[in-house]
Every structure is written in C-alpha cells, then in structure tokens.
Amino acid sequence: MIKHKQIDTTFYQQDVLIVAPQLLGKIICLKADGTERYFFITETEAYRGEEDLACHCSKGRTPRTEAMYHNGGIFYVYLIYGMYYMLNIVTGSKNEPQALLIRGIKEFDKKTKKIIYDYNGPGKAGKILGVNQYLYGMSVFNNNNFRIYDVNYFETENRIETAPRVGINYAGMWKNKPWRFILI
DNA sequence: TGAGTGATCGTA
DNA sequence: ACGATCACTCAC
C-alpha cells in the first residue's frame, strides 16, 4: 500500500488555503521505537498572514513565529497551556507567514485497513505523534521519523466540510473565516 | 464550567 | 522581574 512518494516541499509552498484542505485524508507514517504507525489526517486549520488576527504572526516576527516566515515545508511547533504541543506545517513562500494546524488524525491498521483510534483535537494529535520542540523548524519532507504520503487512503471527494476556526474569538472579523477543514 | 500548566512577549 | 495570555483537554 505504501509505495507512494512522500509529499514534497513544493506542495507545501502553495497558499495555505490550497494546502490545508488537500491534506485531508493524507497518510502519515510515524516511525518510533522500531515500529511504524499509520494515521490519516481528518482536520486542519489555516492561519494566513500578519493581517489574519488569529495567526500568531499578527503580532509580528518573533523567535516563536520565525518558522512561519520561512518557505513552506517545515514544522511550526508551540506549547500551549503548558501542556499541549501544537503541530503545524508552514506553507507558502518566504516572508509570507502561513501555517496549518493539524487538529485531528485517525490511526488505522495497515493490514486490515480498519480505524483503530480517533485523535480528535490538536493536543491529542500532537501527543500521539510525539510532537516536541525538537520538531520546530524541521523539514516535513527530509526527516527520519515522520512522513506524509502523497495518497489518500480514503476517498475524500465531496467529503470536506468547512467551519470557523476554534478558540480565536479575539480575532474580530477573522474569527468567522471558514478556514477549518474537516473530513467527514 | 473551571482547573491545570509553562513558554512567550510586552511592559517596567 | 512581572503578569496576562493562550490555535486545549478532562473531570465535574
């Protein structure tokens, strides 16, 4: 099944509003402790530019937001509420700060193709994927433990819903943008 | 509904 | 140095 290529860096250098919905259904292979676990992405959220008041970059370029100002294809990771590492993928091109948050994944068995567990919510998804600060700025494409394949394990056509983003009520008009993408 | 938890950044 | 804030989760 996994004879497919990984998604390469140029894909992530497109606009986040293109990349975020297209990642739905894509397969993540996680290598850890000599085993491989398989997931597919069920929910993403787009954060787009300094003008987007929900995006961390609306506060400008700081040590934390630095990664988002780079070319797409690297991880942007941060700790929230002292407990949860949020896994984001930087998109777009240099000095065009964007990222997408991975809000949900489902683990499946490679052989039986049955779904094992639903990690709904970015804290839970980050935890099961072993997300840590060490991932900050690392390439999504060139790393040993984490791969995203250019294949949808499940048919995603006509199965994508949009919704406003979660937890950003402070963002004025931006809070209503339908930049949350859900695989149904 | 509210407690838990610690990095981050602006203000001093 | 200090304190407010926070792209969340779980138990009640």
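The sequence lines fix the lettering, A, B, ..., with proteins before strands; numbering per chain opens at 1. FYI, side chains are in, hydrogens and waters are out, and symmetry mates aren't considered; it's all heavy atoms of this structure.
Side-chain atoms of A:Y78 stay outside donor-acceptor range of the base of B:dA7, with no qualifying N/O pair under 3.5 Å.
Summarising the geometry, the separation between OH on A:Y134 and P on B:dA7 is reported as 19 Å, rounded to the nearest angstrom. As rounded to whole Å, 20 Å separates atom C1' of B:dG10 from atom CZ of A:R61. A straight line from CD of A:E66 to P of B:dC9 spans 11 Å, rounded to a whole angstrom. One can place CD1 of A:I80 at 14 Å from P of B:dA7, the figure rounded to the nearest angstrom. Between the CG atom of A:L79 and the C1' atom of B:dG4 there is a distance of 12 Å, rounded to whole Å. A:Y84 has its OH atom 9 Å from the C1' atom of B:dT5, to the nearest Å. Atoms OH (A:Y76) and C1' (C:dA7) sit 9 Å apart, rounded to a whole Å. Rounded to whole Å, the distance from OH on A:Y85 to P on B:dT8 is 9 Å.
We find the CZ-NE2 distance between A:R64 and A:H56 to be 4.0 Å, quoted to the nearest 0.5 Å. Note that OH of A:Y38 is 8.5 Å distant from CD1 of A:I27, once rounded to the nearest 0.5 Å.
A:N71 contributes a side-chain N or O that, together with a main-chain N or O of A:K94, makes up a donor-acceptor pair within less than 3.5 Å.
In this structure, A:M86 reaches the sugar-phosphate backbone alone: every heavy-atom distance under 4.0 Å involves primed, P, OP1 or OP2 atoms, never a base. Here A:G82 lies in heavy-atom contact (under 4.0 Å) with a base. Note on A:R64: only backbone sugar-phosphate atoms sit closer than 4.0 angstrom, heavy atoms only; bases stay farther off. Among the protein residues, A:L101 comes within range of the nucleic acid bases, having at least one heavy atom under 4.0 Å from a base atom.
Taking 4.0 angstrom as the limit, A:R103 places a side-chain polar atom (N or O) nearer than this to OP1 or OP2 of C:dC8. Remark: A:K127 is not in phosphate contact with C:dC8, judged by side-chain N or O atoms under 4.0 Å from OP1 or OP2.
Base pairing of C:dA1 is made with B:dT11, judged by Watson-Crick or G-U wobble geometry with both donor-acceptor distances under 3.5 Å. For C:dC6, the paired base is B:dG6 (Watson-Crick or G-U wobble, both distances below 3.5 Å).
For the 3.5 Å distance criterion, the side chains of A:Q98 and A:D15 qualify, holding a donor opposite an acceptor. With hydrogens and angles left out, the side-chain atoms of A:Y69 and A:E50 include a donor and acceptor closer than 3.5 Å. A:D8 and A:T10 share a side-chain donor-acceptor pair at under 3.5 Å.
For the segment residues 47-59 of chain A, residues with any heavy atom less than 4.0 angstrom from an atom of DNA chain C are, sorted by number, A:Y47, A:A54, A:H56.
Ring pair A:F154/A:F108 is perpendicular by interplanar angle, where above 60° counts as perpendicular and below 30° as parallel.
With C:dA7, B:dG4, B:dC9 as the choices, the nucleotide that has an atom nearest any side-chain atom of A:M68 turns out to be C:dA7.
Salt bridge status for A:R165 with A:E45: absent, with no side-chain N to carboxylate O gap under 4.0 Å.
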